[in-house]
Q: 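First, the structure itself, so that you have it in front of you.
This chain uses plain numbering: 1 for the first residue, then up along the sequence.
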Amino acid sequence: MTAIGGARDTLLQATAERFSTTADGKAILLAGSTPVFRVNSAGAGAPGSIAITAKPVNVVGDIVFSVSAGTQLTVNGNVATVDFASMTTDTALVQARIREFGVDYVANYMISKVFDGINGDTGLAGLNTGQAFAYKRAAAAPTDSPGDVIFTFATGSITTPAGNDLANGWSKNIPAGSTPLYVRVAAASSRNATDNIVANEWAGAVQLAKDGAAGANGSNGANGVDGLNVAPVRIYQRGATNIAPPLPSAACTFTFATGALVGLNNGWSAQVPTAGGAYLFTSGATAASRGATDDIPASEWAAAARLAADGATGQRGTVTVTAPGYSAWSDASAVYELGHAGYGAPINRDVVTLYDATHAVTKYFDNGEWLVLGTVFDGNLLVDGSVAAKALSVDNLAAISAILGNVVAGDLYGTTLHGGAGYPTNNYWWPSNGGSGFHLSAQGLLIGNPRVPGGFFQMSSTGYFEMPGFTVTPGSAGVPSVARFSGELVAATGTFGLIRSAASGQRAEFDGNGTRAYYANGQLAARFGAW
């Protein structure tokens, strides 16, 4: 941090404390109509706006509202309103402040967007439905069946078997004759282009018409029978798995006038249930009768098919809960109040305020801990040199560009330190732009620029060491290390070992007294006294 200097910094240092506890019984509380905007899959939010009301407790003064960046606020007296359309971030922190006698009393209210859960699996294709009719003339109601058939939805007719004839003398079209005419009806239901109707799915035979008896001496003949009532009937049931439940096992009665169906069992109902599992199944039958009702036996219900499945439930958004009657903070009480409000266990960034007439504490939940909720400032409002904190805890610290002053750090885990215009990247090599600087990484240390005479120093992680006039190259198995020195060795004392010249068979030997001998081809060529 920069040192305090200048009139403005001096005034800031001399002001009263910016925040205070509420031990003196003074506070400001915030209550909102709801802490969340629900966002549907189309991006629309509800409600359209959220109103937050500030309530001073034993404190008098003007209420000043502010909101975190990315959101606009409309203020009317002690009520601040956030419109969904003006909230560009997923969360927004609304703050109310009252200053009394140089002391700021502050309250915070967190607003979050809660997004709908992820889309569920793509639903199955819709059901095609239709009705198949079979006709037969007989003196009495027949009990036999038209048999198994295939119904094609595109044509609305039975296509298998081909032609007009069905099993047991039944036909697709009304046959000629004067004998009473009977009809049987079956419901067709399938996600495919056709449906297989088995023999037991046909409704019971109902007399459709008969010729009237001729009247005597030209009188009118007998009246015809009543018309036929026909209606498709569907039933529904939910289940916890995608395995279809058993069909009804009891006969049911359908009333044509009201559409009511009674007598269902095995968990089936005539309306779509709202509970019972994520998977919705359906079955169908056909009611056909000349009367006001029709009895549907259990054998006439078509095989159950899955109609729909619920999508996956998404995680709720963060919430803000305020609870009175607490003279001290308790983590357990905060968890209880969240559950009591219907939100279940806490998730990261949930905010809870516990308070009474003389005490108020607001904390937020973060990775298993309840932390004191401080104040969020817009960075554009901060005065240079005025920020001080004991700790900084963030999920991600990135995209920082700053000139740092005095920094005292613990363990730093990094990849590269490099400075100066000559080292613009983190590559381990001398600068390519002629500049000077330093590079420090796991690969080694580079200082300066070798293009400048005598202006560099290098020490690598492999043991290589070099500076102008002196080089040490590490050896390996069977190969000794090599040291090279150029220049003048001044005021050196001690005992020196063998120093060979570059020429083969030549060497010079020195001892601590300065005596030196010169050898050529292994023979003493000269000896010199002390220098």
Side-chain angles (χ1 to χ4, degrees), residues 1-3 392 396-531:
M1 298 299 176
T2 58
L392 179 65
N396 184 27
L397 195 62
I400 291 180
S401 177
I403 298 176
L404 302 178
N406 296 327
V407 177
V408 178
D411 293 333
L412 293 177
Y413 295 90
T415 56
T416 302
L417 294 176
H418 56 90
Y423 294 82
T425 71
N426 60 358
N427 297 326
Y428 180 70
W429 195 240
W430 298 103
S432 58
N433 60 0
S436 228
F438 71 87
H439 170 106
L440 175 61
S441 70
Q443 295 172 282
L445 172 65
L446 301 172
I447 299 178
N449 189 338
R451 296 177 178 82
V452 179
F456 74 93
F457 173 85
Q458 178 178 12
M459 183 168 57
S460 75
S461 60
T462 61
Y464 179 82
F465 174 85
E466 181 178 3
M467 59 186 295
F470 184 69
T471 302
V472 176
T473 302
S476 59
V479 179
S481 299
V482 176
R484 294 183 176 87
F485 172 77
S486 62
E488 183 180 1
L489 184 64
V490 180
T493 62
T495 301
F496 297 87
L498 180 65
I499 302 178
R500 295 182 182 273
S501 70
S504 174
Q506 299 178 356
R507 69 182 188 274
E509 294 181 352
F510 299 86
D511 62 23
N513 296 320
T515 301
R516 60 183 178 174
Y518 176 72
Y519 293 82
N521 298 321
Q523 302 295 322
L524 179 65
R527 181 184 296 278
F528 304 91
W531 290 4

Q: Just how far is it from atom CD of Q458 to atom OH of Y428, taken to the nearest 0.5 Å?
A: 4.0 Å
Q: Can you name the residues that form a side-chain hydrogen bond (donor to acceptor under 3.5 Å, both in side chains) with E466, not counting sequence neighbours?
A: Y464
Q: P431 and G448: which non-hydrogen atoms are nearest, and at how many Å?
A: CD-O, 4.2 Å
Q: Evaluate the criterion side chain to side chain contact (heavy atoms under 4.5 Å, CB included) for residue pair F456 and L446; output intermediate values, then yes/no.
A: CA-CA 8 Å; F456 74 93; L446 301 172; over 6 Å; no
Q: Not counting sequence neighbours, which residues clear ring-ring contact (aromatic ring centres under 6.0 Å, His included) with F457? List them please.
A: F465
Q: Determine the minimum heavy-atom distance between A442 and S461, stating which atoms define it.
A: O-CB, 3.3 Å
Q: Which residues pass the side-chain hydrogen bond (donor to acceptor under 3.5 Å, both in side chains) test with S460, sequence neighbours left out?
A: T462
